[in-house]
Peer 1: 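Before we start, here is the structure in question, set down as structure tokens.
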Amino acid sequence: MTFLNARDRRNDIYFYIAAAVVLVFTALRAPVVGADTYNYVRFFTGESINYSGDRREFEPLFTAYNSVMKVLLFRNGVLYMIVNSVLTLLPVYVLVKHNAYNKPMSILLFFLSALGILYFVALRQLLSLAILLGGVIYIQKDGRYKWAVFLICGVLAYFMHTSAIYVFPVYVLCYFVPMRNRWIAVVLIVISIVSGLILKNLDIMKMLSAYESLNFSATERLDVYLDEELVDTSEFSILGILKKSIIGIFAFLWMPRKKVNHWFSKIYLVGVVLSNFFFEMQMVERMVMGFSVFGIICVTWAFGPALHKAEFKLKLVSYAVAAFMCLYMSFGYIRDCINYDPTNDMRMHPYYFFFQDYHDHPSIKYHFN
């Protein structure tokens with residue numbers, strides 16, 4: 001769909017097909033596919049009295065949301081998953097449709113990046129992000145009292161999931177802070193790479209523990225992100241570590257000048273920089289999800305007129321880099337899907353649709369017995 005759309009950019013049918021693929025596999029999966037999925041479905045249907053090992057009360061808006069859905073959906077877990085998928089993916093689709101240069105490419109990047117997996121697992125955070133993205137859409141449409149509406153979205157998002165407490169201020173800051181030169185973005189990415197490698201040699205957990213000890217009640221539910229042990233990066237390839245940075249630098253070098261200072265570009269840059277700083281943290285993808293989601297739009301801008309009009313050698317090198325990164329991500333994605341560990345905590349494999357017999361799925365066998 002990405003290649004077909006590149007030849008016929010005005011035809012949105014390719015985007016609709018690509019978007020439908022993601023929606024089908026997300027909404028119609030068996031409840032055992034994806035970490036936390038079985039927890040929140042069983043909690044919704046009443047089969048379990050707990051959502052997870054965290055016994056603290058939920059954010060009030062999520063509790064209200066669940067209560068309403070139990071009535072509207074007759075406690076049906078399949079309908080619950082379908083509605084959740086539509087509500088969380090719809091704002092992303094709207095933003096892609098109205099902003100991406102190549103819309104199916106955005107969906108491809110969604111699949112190949114960590115976002116594809118996160119949209120299987122992080123329900124409360126995704127609902128919170130959907131509210132914030134709804135506010136972003138309203139800001140883009142320049143509606144009446146747009147900042148009052150956006151503030152309300154920020155408050156609602158926080159009461160859906162507390163991650164909004166750091167995502168919302170970054171959105172506001174990025175809107176008003178200018179970035180006139182693309183090289184600022186490139187330099188910041190490079191600095192964050194070097195700084196991340198330096199932090200690797202420091203005791204990051206002590207720094208995070210010092211923050212936790214302050215006991216900010218507003219962010220206490222985010223402590224689970226900080227409590228995870230650091231991942232073992234000894235077997236990480238340098239290309240794997242630099243993947244986001246290479247894509248980010250490519251995007252900022254080739255996107256149109258007016259897009260460099262775009263609201264989305266600056267939010268995306270924050271996501272790349274934070275990913276480089278904390279690449280050893282297991283939950284870093286969830287922490288930066290609210291920023292990196294804009295990357296699936298910003299990267300497509302690099303394939304616009306500026307690249308088409310470039311000198312042949314520059315164009316050839318740039319397309320070669322882009323093709324290599326796309327193939328690298330694709331092969332990595334396919335390899336991970338083929339050589340999966342059935343005991344993996346992400347519980348993404350094997351994939352079952354909801355209408356298949358999943359009673360012997362590893363998610364049940366290794367996590368619920």
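Side chains included, hydrogens not; waters and symmetry mates left out as well; all remaining heavy atoms used. From a predicted model like this one, the values you see are computed outputs, not experimental measurements.
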Peer 1: Looking at Arg29 and Thr26, would you say the former's side chain and the latter's main chain have a donor-acceptor pair under 3.5 Å?
Peer 2: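 Yes: the side chain of Arg29 pairs with the backbone of Thr26.
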Peer 1: Between atom CD1 of Ile117 and atom CZ of Arg347, what is the distance when rounded to the nearest 0.5 Å?
Peer 2: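 Interatomic distance, Ile117 CD1 to Arg347 CZ, rounded to 0.5 Å: 13.5 Å.
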Peer 1: Could you walk me through whether Trp183 and Phe252 pass the side-chain contact (heavy atoms from CB on, under 4.5 Å) check?
Peer 2: CA-CA 8 Å; Trp183 291 104; Phe252 279 103; over 6 Å; no
Peer 1: For a 4.5 angstrom cut-off between non-hydrogen side-chain atoms, does Trp301 reach Ile297?
Peer 2: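 Yes. Closest side-chain heavy atoms under 4.5 Å.
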Peer 1: Counting the benzene-type ring for Trp, do Phe250 and Phe324 have ring centres under 6.0 Å apart?
Peer 2: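 No.
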Peer 1: Does a sphere of radius 6.0 Å around CZ in Phe159 hold more than 12 heavy atoms from other residues, nucleotides or ligands, not counting ones at 6.0 Å or beyond?
Peer 2: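 Atom CZ in Phe159 is not packed in, count stays at 12 or less.
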Peer 1: At what distance, to the nearest 0.5 angstrom, does CG of Leu269 lie from CZ of Arg182?
Peer 2: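 Output value for this atom pair is 13.0 Å.
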Peer 1: Between Tyr351 and Tyr340, does the ring centre distance come in under 6.0 Å?
Peer 2: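 They do not qualify: ring centres at least 6.0 Å apart.
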Peer 1: Give every residue pair that meets the salt bridge (charged side-chain N to carboxylate O under 4.0 Å, His left out) criterion with at least one member in residues 322-346, sequence neighbours excluded.
Peer 2: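 Qualifying pairs, neighbours excluded: none.
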Peer 1: Test your reading of the model: is there a side-chain donor-acceptor pair from Lys266 to the backbone of Met179, 3.5 Å cut-off?
Peer 2: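 Not at all, since once roles are kept as given, no pair shorter than 3.5 Å links the two residues.
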Peer 1: Mind running ring-ring contact (aromatic ring centres under 6.0 Å, His included) on Tyr65 and Phe58 for me, showing each step along the way?
Peer 2: CA-CA 11 Å; Tyr65 170 81; Phe58 292 121; over 10 Å; no
Peer 1: Roughly how far, to the nearest 0.5 Å, is CE of Met160 from CD of Glu59?
Peer 2: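 Atom-to-atom, Glu59:CD and Met160:CE are 9.0 Å apart.
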Peer 1: Quick one: does any side-chain atom of Asn66 pair with a main-chain N or O of Phe62 as donor and acceptor, under 3.5 Å?
Peer 2: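 Here the side-chain-to-backbone pair does not exist.
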Peer 1: Are Phe176 and Trp147 close enough that their ring centres sit under 6.0 Å apart?
Peer 2: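 For Phe176 and Trp147, the ring centres are under 6.0 Å apart.
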Peer 1: Given side chains that start at C-beta, do those of Ile296 and Val92 come closer than 4.5 Å, heavy atoms only?
Peer 2: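 They are in side-chain contact.
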Peer 1: Using the ring of each side chain (for Trp, its six-membered ring), is Phe150 parallel, tilted or perpendicular to Trp263, with breaks at 30° and 60°?
Peer 2: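 Perpendicular.
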Peer 1: Closest approach of Leu127 and Leu87, non-hydrogen atoms and distance?
Peer 2: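 For Leu127 versus Leu87, the nearest heavy atoms are CD2-CB, 4.5 Å.
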Peer 1: Measure from the side-chain N and O atoms of Ser275 to the backbone N and O of Gly271, and report whether any donor-acceptor pair falls under 3.5 Å.
Peer 2: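 Yes; at least one donor-acceptor contact below 3.5 Å.
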Peer 1: Spell out, yes or no, whether Val187 and Met255 are grouped together once hydrophobic residues are joined by side-chain heavy atoms under 4.5 Å, including indirect joins.
Peer 2: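 Different hydrophobic clusters.
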Peer 1: Please indicate whether Phe355 has more than 12 foreign heavy atoms, meaning atoms of other residues, nucleotides or ligands, lying under 6.0 Å from its CZ.
Peer 2: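 Counting other residues, nucleotides and ligands, CZ of Phe355 exceeds 12 neighbours.
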Peer 1: Okay, side chain of Asn5, backbone of Met1: is any donor-acceptor separation there less than 3.5 Å?
Peer 2: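 Checked: no pair found.
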Peer 1: How about Ile13 and Ile17: do any of their side-chain heavy atoms sit closer than 4.5 Å?
Peer 2: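 The answer is yes, as the side chains (C-beta and beyond) meet within the 4.5 Å cut-off.
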Peer 1: Determine the minimum heavy-atom distance between Cys153 and Gly135, stating which atoms define it.
Peer 2: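 Heavy atoms only, the tightest pair is SG-CA, 3.7 Å.
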Peer 1: Just so I know, are the side chains of His349 and Cys337 near enough to count as touching, which here means a heavy-atom distance under 4.5 Å?
Peer 2: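 His349 vs Cys337: side chains touch.
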Peer 1: Answer with yes or no whether the side chains of Ser363 and His361 bring together a donor and an acceptor at under 3.5 Å.
Peer 2: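 The criterion, which ignores hydrogens and geometry beyond distance, is not satisfied for Ser363 and His361.
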Peer 1: Which heavy-atom pair separates Val167 from Gly290 by the least distance, and what is that distance?
Peer 2: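 So the minimum-distance heavy-atom pair works out to CG1-CA, 4.4 Å.
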Peer 1: Enumerate the residue pairs fulfilling salt bridge (charged side-chain N to carboxylate O under 4.0 Å, His left out) with a member in residues 78-107, sequence neighbours excluded, ordered by first and then second residue.
Peer 2: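 Every pair satisfying salt bridge (charged side-chain N to carboxylate O under 4.0 Å, His left out) with a residue in residues 78-107: Asp12-Lys97, Asp12-Lys103.
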Peer 1: Hey, is the main chain of Leu118 close enough, under 3.5 Å, to the side chain of Arg286 for a donor-acceptor pair?
Peer 2: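 No; judged by distance alone, with no hydrogens or angles, the pair does not exist.
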Peer 1: Can you label the angle between the Phe353 ring and the Phe25 ring as parallel, tilted or perpendicular, going by 30° and 60°?
Peer 2: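 Aromatic pair Phe353/Phe25 classed tilted.
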Peer 1: Side chains of Tyr166 and Phe291: closer than 4.5 Å at any heavy-atom pair?
Peer 2: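 Answer yes - side chains close enough.
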Peer 1: Rounded to the nearest 0.5 Å, what's the gap from CG on Leu129 to OH on Tyr119? Could you check?
Peer 2: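 If I round to the nearest 0.5 Å, the distance is 4.5 Å.
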Peer 1: For Ile189, does its backbone N or O pair with a side-chain atom of Ser192 as donor and acceptor, under 3.5 Å?
Peer 2: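 Yes: the side chain of Ser192 pairs with the backbone of Ile189.
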Peer 1: Phe278 versus Val288: any side-chain heavy-atom pair under 4.5 Å?
Peer 2: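 Side chain of Phe278 against side chain of Val288, heavy atoms only: no contact under 4.5 Å found.
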Peer 1: Has Gln125 got a side-chain atom pairing as donor or acceptor with Ser163's backbone, closer than 3.5 angstrom?
Peer 2: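 It does not hold such a pair.
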Peer 1: Does Thr2 form a side-chain contact (heavy atoms from CB on, under 4.5 Å) with Phe303? I'd like the steps, not just the answer.
Peer 2: CA-CA 12 Å; Thr2 297; Phe303 293 88; over 6 Å; no
Peer 1: Between CG of Asn76 and CD1 of Ile82, what distance do you get to the nearest 0.5 Å?
Peer 2: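 Between Asn76 CG and Ile82 CD1, I get 8.0 Å after rounding to 0.5 Å.
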Peer 1: Counting C-beta onward and ignoring hydrogens, is there a side-chain heavy-atom pair between Val83 and Tyr80 closer than 4.5 Å?
Peer 2: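 They are not in side-chain contact.
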Peer 1: Using the six-membered ring wherever Trp is involved, compare the ring planes of Phe15 and Tyr93 and label them parallel, tilted or perpendicular (cut-offs 30° and 60°).
Peer 2: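 Ring orientation, 0 to 90° scale: perpendicular.
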Peer 1: Using the six-membered ring of Tyr268, assess whether NZ or CZ of Lys244 lies under 6.0 Å from its centre and within 45 degrees of the ring axis.
Peer 2: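 Geometry flag: not set, cation outside 6.0 Å or 45°.
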Peer 1: Can you find a heavy atom in the side chain of Ile152 that is under 4.5 Å from one in the side chain of Tyr145?
Peer 2: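 Sidechains of Tyr145 and Ile152: no contact.
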Peer 1: Strictly under 6.0 Å, is that where the ring centroids of Tyr158 and Phe168 end up?
Peer 2: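 No.
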Peer 1: List the atom of Pro169, the atom of Ala164, and the distance in Å for their closest heavy-atom pair.
Peer 2: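 Looking at all heavy atoms of both residues, the shortest contact is CD-O, 3.8 Å.
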